[in-house]
Protein chains: 2
Amino acid sequence: MDRIYLDNNATTIVDPLVKQAMEPYWCERYGNPNSLHTFGTEVHPDLRIAMNRLYRGLNAQEGDDILITSCATESNNTVLKGIYFDLIKKGKKNHIVTTTVEHPCVANSCKFLESQGVKVTYLPVNADARVEADAVRHAITDKTALVSVMWANNETGVIFPIKEIAEVCKAKGVLFHTDAVQAIGKVRVDLQDVPADFLSLSGHKFHGPKGVGALFVRKGLKLPPLLHGGEQMSGKRAGTLNVAGIVGMGLAMELASDNLGYENKEVRRLRDKLEDGLLKIKDVLVISRRELRVPNTVFISVRGVEGEALLWDLNKSGIAASTGSACASESLEANPVIKAIGLGSELSHTGIRLSLSRFTTEEEIDFAIKTFTEAAGRLRSISSTY
Amino acid sequence: MDRIYLDNNATTIVDPLVKQAMEPYWCERYGNPNSLHTFGTEVHPDLRIAMNRLYRGLNAQEGDDILITSCATESNNTVLKGIYFDLIKKGKKNHIVTTTVEHPCVANSCKFLESQGVKVTYLPVNADARVEADAVRHAITDKTALVSVMWANNETGVIFPIKEIAEVCKAKGVLFHTDAVQAIGKVRVDLQDVPADFLSLSGHKFHGPKGVGALFVRKGLKLPPLLHGGEQMSGKRAGTLNVAGIVGMGLAMELASDNLGYENKEVRRLRDKLEDGLLKIKDVLVISRRELRVPNTVFISVRGVEGEALLWDLNKSGIAASTGSACASESLEANPVIKAIGLGSELSHTGIRLSLSRFTTEEEIDFAIKTFTEAAGRLRSISSTY
């Protein structure tokens, strides 16, 4: 058995079809799309196809903007700081509502805005690790400029009631942003069904390349650019277009949509099999109910076993897992998401996340169950707390 | 004769060696470098090699930061807005000095900061299309937070006296930033020789991939991040690392350094041959003296011939040129750099830029001279102003 990659919420393998699609843009079709000559213009149809794939994948409509960014971190910063410069600095609003379990790029942007005088409400999650739409409703005041709630949590995989939250915001006349990084390719993301105003995504989370992401901006809305500069994206996001990245992300989006059925049937079956297998270990706890989660994720705590020790043990056996967000993996702090769920400090050090993809095989899951079970036993035998 | 690409100041072909170096990072070594397992850690040595190549290419020292960004536009925005949040909003300084010929990403960031109350001085260029260090010296006041002057101009190719300007700023105790996008691979960029505090670059301008750039930050200096988020780059620039892009840009930097001799001998010889050939056309004007310019660029004006008409004619014959910055090529405005040089409105519509690279051949230059000369004659024969 070769290495097994079960950390698809951190990043994903580039689909070989995506790699192939990017191939011509390095040494052949290398023009700058903003150039007027054929080296520039010949890539316009390719970019149009890619953009159409993104629009279709989100069910965005003509008049909506999809801005290409370098990653969801940039998309999220664009929204939060755009609202700051546009609505907050200029007007009477000074309040943002978000959650305690957002990705660091939303959380730290909010902290930065607090240092600039913005008030931020961080909503907790309930026992199912979910944010409730009612909590959002109650947090909104007439000073609220923006609500930002992720579509699905990166660590637990829990899906938030985004449609309901978006409708609450719409009814209250407050702008709503969702970080959908962990939703694309896992659940249907339909922007005609869900009235979100802004939505962020990152190509490398759904088998596209690293270094490219997007920001959906609902028709009629405007944000000051985070990156001022040239005329790219009608001046809404400057910087030479990353042609290969856009083409790759576009195809990755189409493949994600095409595979949504497979993801929700086969990947879910494998995740459930993995989860059922691991639940046979004594004294383990899985965070939240599986029907509330994206189909690829299980976050499990093994009492008495440090998440990091388990991660190392699994790694030695060739299994890649995570104790939480890769973006905070160098931190020795207790997992902030688990802390936010309110499960206490013991659990906050014992969680481990396994996240599958459509490239995960049954054989890999069988091996993972066996290996995880053995590792948990081994580590418990030397545990001082079990 | 196949198509001829003479628009290397807009973007460049990816060096086939760079493409090859990026190859493993799509479908094999695809881990997130911030992950703790081997998929993440196995790319650390590759990233270290790439970073070392960037440090060597700039002669940066231990303790200096080189932050990876998505492009120079992001790098430039990071500096200008970082200074705004750090020095200007918090302190007593409120003034930035720059030039009238900066790239739109510096110019438009400055305009944005003006809308936030920052005072900006835009220095003009002299008859050689150069900014003078003395002009910088005189523009600095005790309110000046930052001076930002490009190393070489994208349109004319003129090299600015960056060492002198950096020394003026150092002597005055004012921070100095340079957009070196058009200098890398064309002139020696040695940060031990030139005491710049911040320096921006973009991979795709020196045969690296699009979508990745860098920002040098001198040891001891700090900037608030433009992208808040995870712990990447010690929290100074968040976002999942674009591993393929970093590896590619690192190698591209090494190749650029290795080829600096070739660039200054052979590319310069071809540029001079092209320039000499075109100067045989009657009533043409080349902007600035060639010894003041980077070795690959000539900006030429053909009296009575619209730059855009000439560009289209050349394009039909398979030659890719430019009327100026690709980032502003959709604009019908007179070329702002030419306007800034003060050459009047007729000239500002007639300029055309030809920019070579180490991939340009003698055969291509011979064909370009012949084709350009014929095109100029053809267009003059139907010109109403000649």
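Quick note: numbers below take in every heavy atom, side chains included, and nothing from hydrogens, waters or symmetry partners. Note on naming: letters A, B, ... go to the chains in the order of the sequence lines (proteins, then strands), and numbering restarts at 1 for each one.
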[atom1] of [X] to [atom2] of [Y]: how many Å apart, nearest 0.5 Å?
X: A/Tyr5; Y: B/Ser35; atom1: OH; atom2: OG; result: 5.5 Å
X: B/Thr38; Y: A/Ile319; atom1: OG1; atom2: CD1; result: 11.0 Å
X: B/Leu36; Y: A/Trp312; atom1: CG; atom2: CH2; result: 5.5 Å

Answer with side chain, backbone, both or neither: which region of [X] has an atom nearer than 4.5 Å to a non-hydrogen atom of chain A?
X: B/Lys316; value: neither
X: B/Ala72; value: neither
X: B/Leu227; value: both
X: B/Cys27; value: both
X: B/His207; value: neither
X: B/Ala107; value: neither
X: B/Ala320; value: both

Contact check, side chains of [X] and [Y], non-hydrogen atoms, under 4.5 Å:
X: B/Tyr30; Y: A/His204; value: no
X: A/Cys105; Y: B/His228; value: no
X: B/Lys210; Y: A/Leu241; value: no
X: A/Gln232; Y: B/Thr73; value: no

Exercise. Under 4.5 Å, heavy atom to heavy atom, which residues of residues 76-85 of chain B contact chain A?
Worked result: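 Those residues of residues 76-85 of chain B which have a heavy atom under 4.5 Å from chain A are B/Asn77, B/Lys81, B/Tyr84, B/Phe85.
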For this session: Return yes when atom CD of B/Gln20 has more than 12 non-hydrogen atoms of other residues, nucleotides or ligands closer than 6.0 Å, and no otherwise.
Result: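 Not buried by this count: 12 neighbours or fewer within 6.0 Å.
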Exercise. Judged by atom type as modelled, is there a donor-acceptor pair below 3.5 Å linking the side chain of A/Asn108 to the main-chain atoms of B/Gly230?
Worked result: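 It does not hold such a pair.
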For this session: Measure from the side-chain N and O atoms of A/Asn32 to the backbone N and O of B/Ala10, and report whether any donor-acceptor pair falls under 3.5 Å.
Result: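 Yes, because the side chain of A/Asn32 sits within donor-acceptor range (under 3.5 Å) of the backbone of B/Ala10.
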Exercise. Are A/Glu28 and B/Lys19 close enough for a salt bridge, meaning some N to O gap below 4.0 Å?
Worked result: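 Looking at A/Glu28 and B/Lys19, the cut-off is not met.
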Exercise. Who wins among B/Lys89, B/Arg29, B/His37 for the most heavy-atom pairs under 4.5 Å with chain A?
Worked result: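 Maximum pair count with chain A is reached by B/His37.
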Problem set entry | Side chain, backbone, both or neither of A/Val18 within contact of chain B (heavy atoms, under 4.5 Å) |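 Contact with chain B: none, neither part.
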Problem set entry | Pick from A/Val14, A/Ile13, A/Val243, A/Val212 with the largest number of heavy-atom pairs that fall under 4.5 Å of chain B |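 The candidate making the most pairs under 4.5 Å is A/Ile13.
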Problem set entry | Heavy-atom pair count under 4.5 Å with chain B, highest-scoring of A/Val106, A/Asn242, A/Ile246, A/Leu314 |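 Highest number of heavy-atom pairs under 4.5 Å: A/Asn242.
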